[in-house]
*Asks:* 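Have a look at the structure that comes next, please.
Heavy atoms only: backbone and side chains are in, while hydrogens, waters and symmetry mates are out.
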Amino acid sequence: MADAIAFLENPVITPATSAATAQVAVVLLRASGHAEVRLLVEQGSEARTLVFSDPGAFAEGFPVLGLRADAPATITVQVIDAKGRAVTHPEPLVFDPEPLPVDKRDFPPIEVRASDPARMAPGYTILAVRRRAIGRPRDLTDRQRSFMLDWSMLIALDAQGRVCWRHQLPRRVAGIQRLQSGNLFYHNADSHSSEIDMLGRVQAQWFARDRPAGPAPGAIPIPVQTLHHQPHQMPNGNFLALSGNARLAKDWYTSEFDPDAPRADKWIVGDRILEFTREGEIVWSWDAFDHLDINRIGYNALEAYWHVRGFPEHGDWTHGNGVCYDERDDSVIVSLRLQDALFKIDRKSGQIKWILGDHSDWSPELQAKLLTPQGEGFRWPWHGHNPRVTSDGTIVMFDNGILGARPFTPPKAPHETFSRGVEYLVDEEAMTVREVWTSARDDSAVKERTWAMGDAHRLEESDTMLVIHSICMPDRDDMSYDENNPAIRHPDDFASSARILEYTRTDEPEILFDVVIEDPHEIMQWEVFGGLRTPSLYAPDSGVRELPGNELHAGGVV
């Protein structure tokens with residue numbers, strides 16, 4: 001009978017078509033009468049079953065995601081008809097995932113210090129990993145700069161911290177998010193943004209039309225100078241992004257440390273928040289130049305951040321580094337690193353609703369927007385990163401905690417600071433803010449001092465917290481943050497590492513997951529720009545379920 005359940009050909013297995021994506025297999029099969037496909041995936045002593053409830057949606061093959069690189073995978077193929085009758089192919093497929101690169105310059109050295117899967121949020125941790133040579137940005141040679149800019153990697157770790165998916169990028173990654181579709185969206189440091197599926201296939205690309213690097217073939221132009229830092233998809237499917245834009249500032253600062261230093265005209269970069277559609281149309285924007293005082297500078301304003309991104313000798317005024325949408329009241333929350341503050345912005349009016357940050361040197365108009373801290377032990381975020389709104393309306397962010405002061409108050413030395421993940425609760429009627437949770441109230445437990453970036457997520461299913469220390473500095477008492485002073489040691493002069501932690505969301509946090517990425521020889525720097533936890537590598541609406549163990553149906557064998 002034409003609708004009898006049967007294999008029409010022997011199944012075959014191939015690697016993913018994207019050469020940049022590893023540890024992914026695709027099962028190709030032709031069968032009749034089937035309403036479901038099940039794949040029993042066995043690696044070593046571990047087994048799981050992938051259930052594809054809509055086989056017609058996988059005409060190009062059935063992807064097998066989440067494969068470790070340390071053992072061959074045996075995959076048993078089963079087809080099931082609408083009445084629950086199952087046929088299992090008698091010859092399992094064997095797939096050898098690509099081994100991890102041996103050269104530790106091309107793959108991050110991963111050390112798993114702790115893992116408690118029973119208490120962790122389920123799923124996979126996806127990280128955006130970068131590398132660089134030791135040295136201050138202005139001093140790097142062209143080859144060192146290429147080593148830094150022309151490589152990065154997205155990797156997925158399972159609950160035991162084992163690599164089970166990876167995708168290599170030809171450019172330095174600068175922000176990542178998983179979209180509603182299950183695809184990954186990321187910015188690169190050259191203002192080029194991409195969306196890929198988990199097989200590594202490019203689904204869409206965008207670029208800043210006026211970027212120094214020029215056009216990006218095949219990408220949709222956005223009429224701005226840059227696209228940078230953490231992307232954010234809104235409920236309507238549009239994207240929030242940050243765009244640094246340059247303007248000439250008259251009589252601007254020439255020192256972050258000496259208020260009496262001579263002033264001079266200088267090109268500076270400030271941030272514009274964009275909402276753009278998939279077609280590249282900007283439908284909303286907010287420009288910091290229209291709302292903030294350009295003479296309120298922060299520490300690091302005169303460093304080479306924009307210099308190495310195609311804007312020579314430009315000052316770094318705001319340094320936006322994270323933006324998210326709050327659908328409860330149609331507002332946007334943005335982190336401006338060099339303002340040491342979060343800003344909540346009403347989308348309809350463009351007005352600032354509140355400012356979460358240190359109270360010094362604001363204009364009289366903006367002083368009325370400042371939140372008043374509540375609670376014992378409260379600490380403002382210093383050079384914070386990447387705010388997110390939880391379902392409870394709290395705000396989770398990473399607080400680098402460095403400097404601990406505004407110009408021209410003397411900053412704290414690096415060894416006097418510590419970094420943390422933190423969750424804030426804002427009372428907008430009372431205009432107050434208090435800490436709901438923090439991963440550290442001092443440096444006694446986790447002594448990571450993170451120079452920049454960092455990420456934090458509240459994992460609501462397990463009520464735990466994912467905290468990513470992106471660039472951990474050495475614990476030394478002879479460093480300063482003055483990149484332009486060659487007589488004083490700077491964090492860029494030393495090897496750096498990254499640390500990924502999952503904590504209990506309790507007053508005394510326990511570490512459930514602890515992974516360190518560090519060069520054992522301390523001859524290069526490893527960075528994790530950010531990351532996320534996802535329950536599955538498959539898209540939420542893909543029709544794929546991942547079951548533990550052997551969940552094949554009983555049935556005849558061809």
*Asks:* With Gln205, which residues qualify under side-chain hydrogen bond (donor to acceptor under 3.5 Å, both in side chains), at least two apart?
*Replies:* His192
*Asks:* What pairs meet the ring-ring contact (aromatic ring centres under 6.0 Å, His included) rule with one or both residues in residues 409-432, with sequence neighbours excluded?
*Replies:* Phe378-Tyr424
*Asks:* Within the 3.5 Å criterion, strictly below it, is a donor on Ser391 or Glu460 matched to an acceptor on the partner's side chain?
*Replies:* yes
*Asks:* What residues, two or more places apart in sequence or in another chain, satisfy salt bridge (Lys or Arg N to Asp or Glu O under 4.0 Å) together with Arg172?
*Replies:* Glu527
*Asks:* Under a 3.5 Å threshold, yes or no: a donor from one side chain and an acceptor from the other, between Asp197 and Asn183?
*Replies:* no
*Asks:* Among residues at least two apart in sequence or on other chains, which ones pass side-chain hydrogen bond (donor to acceptor under 3.5 Å, both in side chains) with Asn400?
*Replies:* none
*Asks:* Measuring only between side-chain heavy atoms, which start at C-beta, is Ile511 closer than 4.5 Å to Leu501?
*Replies:* yes
*Asks:* List in chain and number order the residues that pass side-chain hydrogen bond (donor to acceptor under 3.5 Å, both in side chains) with His232, two or more places apart in sequence or in another chain; answer none if no residue qualifies.
*Replies:* none
*Asks:* Taking only residues at least two apart or on different chains, which pairs with a member in residues 347-358 satisfy salt bridge (Lys or Arg N to Asp or Glu O under 4.0 Å)?
*Replies:* Glu275-Arg347, Asp329-Lys353, Asp330-Arg347, Asp330-Lys348, Lys353-Glu428
*Asks:* Considering all heavy atoms of both residues, which atom of Leu227 and which atom of Phe207 are nearest to each other, and what is their separation?
*Replies:* CD1-C, 4.0 Å
*Asks:* Output all residues satisfying salt bridge (Lys or Arg N to Asp or Glu O under 4.0 Å) with Arg138, sequence neighbours left out; order by chain, then residue number.
*Replies:* Glu313
*Asks:* If only side-chain N and O atoms count, and only distance matters, is there a donor-acceptor pair under 3.5 Å linking Arg178 with Thr534?
*Replies:* yes
*Asks:* For residues 368-376, which side-chain donor-acceptor pairs fall under 3.5 Å, sequence neighbours excluded?
*Replies:*
unit_1: Lys369; atom_1: NZ; unit_2: Ile352; atom_2: O; d: 3.1

*Asks:* Would Phe289 and Trp317 satisfy ring pair (Phe, Tyr, Trp, His ring centres under 6.0 Å), going step by step from the backbone distance to the final call?
*Replies:* CA-CA 10 Å; Phe289 280 109; Trp317 171 44; 4.9 Å; yes
*Asks:* Does a donor on one side chain sit under 3.5 Å from an acceptor on the other, for Tyr124 and Arg533?
*Replies:* no
*Asks:* My understanding is that only residues two or more places apart in sequence, or in another chain, count here; which of them pass side-chain hydrogen bond (donor to acceptor under 3.5 Å, both in side chains) with Tyr305?
*Replies:* none
*Asks:* Specify the closest pair of heavy atoms between Pro223 and Arg272, including all atoms of both residues, with the distance to one decimal.
*Replies:* O-NH1, 4.4 Å
*Asks:* I need the full list of salt bridge (Lys or Arg N to Asp or Glu O under 4.0 Å) pairs touching residues 207-218, with sequence neighbours left out, sorted by first then second residue.
*Replies:* Asp190-Arg211
*Asks:* Compute the ring centroids of Trp451 and Trp382, then answer whether they are less than 6.0 Å apart.
*Replies:* no
*Asks:* Quick check on the 6.0 Å ring-centre criterion: do Phe239 and Trp206 meet it?
*Replies:* yes
*Asks:* Does the ring center of Phe529 lie less than 6.0 Å from the ring center of His385?
*Replies:* yes
*Asks:* On a heavy-atom basis, which atom in Asp340 and which in Ala405 lie closest, and how many Å separate them?
*Replies:* OD2-O, 4.3 Å
*Asks:* Suppose we screen for salt bridge (Lys or Arg N to Asp or Glu O under 4.0 Å). Which residues come up paired with Asp475, at least two apart in sequence or across chains?
*Replies:* Arg449
*Asks:* Salt bridge (Lys or Arg N to Asp or Glu O under 4.0 Å) with Asp265: which residues, sequence neighbours excluded?
*Replies:* Lys250
*Asks:* Do His187 and Ser193 have side-chain N/O donor and acceptor atoms under 3.5 Å apart?
*Replies:* yes
*Asks:* Which residue is it: His229, His383, His228? I am looking for the one with a ring-ring contact (aromatic ring centres under 6.0 Å, His included) to His319.
*Replies:* His229
